[in-house]
There are 2 protein chains.
Amino acid sequence: MSDVSIKEVARIADVSIATVSRSINNPEQVTEKTRLKVQDAIRQTGYSPNTLAQSFRRGRTNIVMVVLPSVGDPFFTAVMRGIRSAAKNKGYSVVIEETQFNTLTADEIGAMLVSNQTDGIILLASVSPFGTEISSANSKRRLPIVIGCETVSRELADFPSVHIDNIAAAKEAVNYLISQDHERIAMICGQESSLLTKDRELGYRTAMKQAKLPVEDGWVVDGDLTIAGARKATRNLLNHSNRPTAIFCANDEMAIGCLHEVKSAGLGVPDDISVVGFDDIRYAEVTDPPLTTISQPAEEIGERVMYRLCRRIDAGNGESSSPEIVPHKLVIRQSVTNPAS
Amino acid sequence: MSDVSIKEVARIADVSIATVSRSINNPEQVTEKTRLKVQDAIRQTGYSPNTLAQSFRRGRTNIVMVVLPSVGDPFFTAVMRGIRSAAKNKGYSVVIEETQFNTLTADEIGAMLVSNQTDGIILLASVSPFGTEISSANSKRRLPIVIGCETVSRELADFPSVHIDNIAAAKEAVNYLISQDHERIAMICGQESSLLTKDRELGYRTAMKQAKLPVEDGWVVDGDLTIAGARKATRNLLNHSNRPTAIFCANDEMAIGCLHEVKSAGLGVPDDISVVGFDDIRYAEVTDPPLTTISQPAEEIGERVMYRLCRRIDAGNGESSSPEIVPHKLVIRQSVTNPAS
DNA sequence: TAGAGGAGTGTAAACGTTTACAATACCGCG
DNA sequence: CGCGGTATTGTAAACGTTTACACTCCTCTA
C-alpha cells in the first residue's frame, strides 16, 4: 500500500513523475487525457502520497499545537471540539500540550517549537508575565501564534486573539447577584498568574464598587481553578466572621466544588448561600441546584481561533492582530435566590 | 533559528555533516574532542535538527493517533492523560480522532491511516462488527494498533489490548445492590454497538440470574452514554409499571443524568432510588449524593496502552497480543441505601 | 509559410537528514 | 620500521516529493 511511490505510478502511466505530481496537485496544468491515465495508474497501484516526504519538501507539517491549562476541564474540551472541527476542515492535525495550570515561560514555548515541529500554536493558557520575551523571540521567528480565551497582555498584543469580554461578563454576573439583593458577595478566583482570572476579579470589584458595596478582607480567595481548591476556599469563606450570602466563582469547575462544600457544611444552596459560576460547562445544568452561570460560546471560540491561525499561517504577517470579542450570556438557573427570603 | 542546517554546523566545526549527525545520534562513535567541537558549533549556531527531514529520512513520524468516542467524557480525558504522559516520555506526539459514538468501519480507519500518517493507533472506541476487514487489511499493512478500555472482539484478538474485566466489574456493582436488599434493579446501558457496554450488561444479567432475580421487560434501556440520553432513559424507568428501586448505569456520565432526573421527578437519591455508576470520573465524588461507582485505573490504562503500542512499533510483530487485564474497584459512596429503610 | 506564443511535458535539482562504504589515522606488535 | 587491525572520519547516495527551467508541439497570426 504505502510502499509504492510516485515513480511506480509514473512508470505505469508512462509519464514523468513531475506529471504525476502535477495531475494530483495542479490538475489544471495537465491534459484531460494524461490526467485520466494517471488516475488509472493511481488506482491500479493503490498509490497514496507519502505525507512525510510532502511535509519535508513543502516545509509544512500541517500540524498545529494547542497549549491549554487542563485537558480535563469541560470548558476547554468544548473549545477543543471547535478547534478540531475547524482543523479537520482545513486539513490540519492538532496536538495538545497541557500546562497543568503552570504559567508558561518563553523558553518553554521555544522548546515546544523546536521539538514538536508545528505550523502554528494556539495559546489557551496564560503565558508568563515576561511576555516580551515571547513576543520578541517570536517576531524574530515570526511563528504564527494566536491566543484564545485568555485575555491578552500588552506584551502579546501583536498576536491575534479571540475571547469574550471577561470584565464585562463578571460585572454582569455580580450585578445580577446585587439585583437579587445580595450585599455580602465573595469571589473564588484562579491563581494569580492567570490574566483571565484577573479580569474576572476586576469585573467583580468594579461591580461592587459601583454598587457601593464593601469587599471585606478574605472575601476574595484563590481556588486554583480546581474542584479541590474551590472546596478549601469555600470552607474559608464559610468560616469568615462576616459570612457572605453569595459566592461568585471564576469558573464552573470551582462552582461545582463550592456547591458541594456548602452542602457538606449543612447549608443549603441557594437558600443559605447563592452561587454563580462561569463558563456554562455541560454539567452546569445538572448540578444540584442547576447552576446560574456565564455562558461562553466555547466551540465558536475554538473555530474562530483556528481559522484565525490558518490565515496567519497562510498570510504570514498580513493577518490583522486585533482582538476579536465574542458575546457572552448570563444564564439564570436555580443557584441564586434572594437572601431575605 | 530553524533556518540553520547541519551543513552550517559542519562548516563551523570543520567536520563533515556525517560526523555532526553522528555526534548527535551516536555520540559513542566519535572522539571526545570532535564531539565537543560539534557541541560548540551547535551552540554557536543555535542549530536544532529539522524534524521534518528526520521523519522523512527515518520513515517515522513519531506521532500516534488515538481514536475515542468522545473527548468530552472525563473518563477518556483521564485515559488520555496517561497516554500523553507515556507518549511524552517516549518522544511521541498524540493526535486525537473523535468518533462521536459512531462505530468505526475498517474503511474509515484506513482513511485515517493514509491521511494522517502515524506510527500507530490506539483504539479506545468500538470498531465495526466487521472486525475482520480491519484485521485483514492490517495484517497486510502490519500497522501497529492497540486497543484500550474496549473489550476485544474475536476478530481483533490479534491486536494487544488493555482493559478491566467489564463483566466481573458490572457483576460486582449489581451484587452490591443485591447485598443491600435491592431486588428490582434496572440498567441504563450504552448503544448496541459498544462491546464494552454489552459486557457490562452481561455482567448485570449474570448477577441477576445468579441471585434468581427477574429482569423485567423495559428495565434495560439505552442511555446513549450521554447525560441527555440517560435522562430520557431514567424517565422511562420511573414510569415503569414495576418501578425499580435501583438503577445501574454503564458509565458515570449517564449516572449524573440519572441522578438529576430522579430528583427532578421529586424523588430522593438514595432514599427512593439507589444509583450506581461506572468509571469513577472526578465529578463522581461531588455529585449530590456522592456516587457509588466502579473505579477504573484510567491513567494507568492510558500509560500501559501507550507503552504497549511503543513496543509494537519497535518490535514489529514480535510484541505479544495477549489482553492485559487491569484491576477495578467498587467505591462505595452515598448513592445507595437499603430500600426498606 | 515563418514566427511568435502558449500549452503540455520532461529533466534534474533541491529540501536536510541518515548511513553504507571508502578512506584515513592511529595503535600495537613483531 | 612495517604491517594488520581498529577507531574515527569523510564521501556520496538515498529517501519521495515539488518545481524551476528547458524542451517539444501545436495553434494562431501576419
Side-chain angles (χ1 to χ4, degrees), chain A residues 1-42 45-63 91 113-119 314, chain B residues 1-42 45-63 91 113-119 314:
Chain A
M1 210 66 168
S2 76
D3 52 345
V4 25
S5 83
I6 202 172
K7 272 187 204 153
E8 177 72 357
V9 178
R11 201 179 56 78
I12 304 270
D14 194 32
V15 294
S16 74
I17 60 167
T19 302
V20 176
S21 175
R22 276 188 286 252
S23 3
I24 297 174
N25 302 312
N26 305 87
E28 74 281 3
Q29 288 182 13
V30 306
T31 324
E32 171 81 359
K33 208 179 62 176
T34 49
R35 201 168 50 72
L36 291 176
K37 264 198 307 182
V38 170
Q39 263 183 14
D40 253 10
I42 289 179
T45 54
Y47 167 76
S48 85
N50 180 327
T51 54
L52 269 64
Q54 285 182 323
S55 289
F56 168 52
R57 179 56 229 244
R58 312 207 240 233
R60 282 267 194 107
T61 54
N62 273 30
I63 296 177
L113 295 187
V114 306
S115 63
N116 313 22
Q117 208 108 337
T118 59
D119 292 349
D314 294 337
Chain B
M1 207 65 169
S2 75
D3 52 345
V4 27
S5 82
I6 202 172
K7 274 188 204 151
E8 177 71 359
V9 178
R11 202 179 55 77
I12 304 269
D14 194 32
V15 294
S16 74
I17 60 168
T19 303
V20 175
S21 175
R22 276 188 287 253
S23 8
I24 296 173
N25 302 311
N26 306 88
E28 73 282 2
Q29 289 182 12
V30 306
T31 325
E32 171 81 1
K33 209 179 62 178
T34 48
R35 201 169 50 74
L36 291 176
K37 263 199 307 186
V38 171
Q39 263 183 14
D40 254 12
I42 289 179
T45 54
Y47 167 75
S48 83
N50 180 326
T51 54
L52 269 63
Q54 285 181 323
S55 289
F56 168 51
R57 180 55 229 244
R58 311 203 234 225
R60 284 265 196 107
T61 54
N62 273 29
I63 296 177
L113 294 188
V114 306
S115 63
N116 314 23
Q117 207 109 337
T118 59
D119 292 349
D314 294 337

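In this structure, Lys7(A) atom NZ and dA12(C) atom P are separated by 14 Å, rounded to whole Å. One atom, CD of Glu28(B), and another, C1' of dT19(C), lie 14 Å apart when rounded to the nearest Å. To the nearest angstrom, P of dT19(D) lies 11 Å from CZ of Arg60(A). Between the C1' atom of dG16(D) and the CZ atom of Arg11(A) lies a distance of 17 Å, rounded to the nearest Å. A straight line from CD of Glu8(A) to C1' of dT17(D) spans 16 Å, rounded to a whole angstrom. One can place CZ of Arg57(B) at 15 Å from P of dT17(D), the figure rounded to the nearest angstrom. As a whole-Å value, the separation of Ile6(B) CD1 from dG10(D) P is 12 Å. Here the P atom of nucleotide dG10(D) and the CG atom of Asp14(B) are 8 Å apart, to the nearest Å.
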Open item on the list: Evaluate Lys7(A) against Arg11(A) for side chain to side chain contact (heavy atoms under 4.5 Å, CB included), listing each step before the verdict.
Closed with: CA-CA 6 Å; Lys7(A) 272 187 204 153; Arg11(A) 201 179 56 78; over 6 Å; no

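Phosphate proximity of dG10(D) to Thr19(B): present, with a side-chain N or O under 4.0 Å from OP1 or OP2. Look at Arg58(B) and you'll find a side-chain N or O under 4.0 angstrom from OP1 or OP2 of dT18(C). When the side-chain nitrogen and oxygen atoms of Gln29(B) are compared with OP1 and OP2 of dA7(D), none of them lie within a distance under 4.0 Å. Within the structure, every side-chain polar atom (N or O) of Asn50(A) is placed at least 4.0 Å from both OP1 and OP2 of dC15(D). At dT9(D), none of the side-chain N or O atoms of Ser16(B) fall inside 4.0 Å of OP1 or OP2 (strictly under the cut-off).
How far CD1 of Ile17(B) is from OG of Ser5(B): 8.0 Å, rounded to the nearest 0.5 Å. Once rounded to the nearest 0.5 Å, the distance linking OG of Ser23(B) with CD of Glu32(B) reads 11.5 Å.
Taking only side-chain atoms of Thr31(B), from C-beta outward, the nucleotide of dC15(D), dT8(D), dG10(C) with the closest atom is dT8(D). In this structure, of dT17(C), dT18(C), dT17(D), it is dT17(C) that holds the atom nearest to the side chain of Tyr47(B). When the nucleotides dG8(C), dT11(C), dT9(D) are ranked by their closest atom to the side chain of Val30(B), dT9(D) comes out on top. With dG16(C), dA13(C), dT9(D) as the candidates, the nucleotide lying closest to the side chain of Thr34(B) is dT9(D).
Applying the 5.5 angstrom centroid cut-off and the 30 degree plane-angle cut-off, the aromatic ring of Phe56(A) is stacked upon the base of dC15(C).
A search for side-chain hydrogen bond (donor to acceptor under 3.5 Å, both in side chains) contacts involving Arg22(B) returns nothing, not counting sequence neighbours.
For the pair Lys37(B)/Lys33(B), no side-chain contact is recorded, criterion being any heavy-atom separation below 4.5 Å from C-beta on.
Note on Ile17(B): a base of the nucleic acid sits closer than 4.0 angstrom, heavy atoms only.
At a cut-off of 3.5 angstrom, the base of dG10(D) holds at least one donor-acceptor pair with the side chain of Arg22(B).
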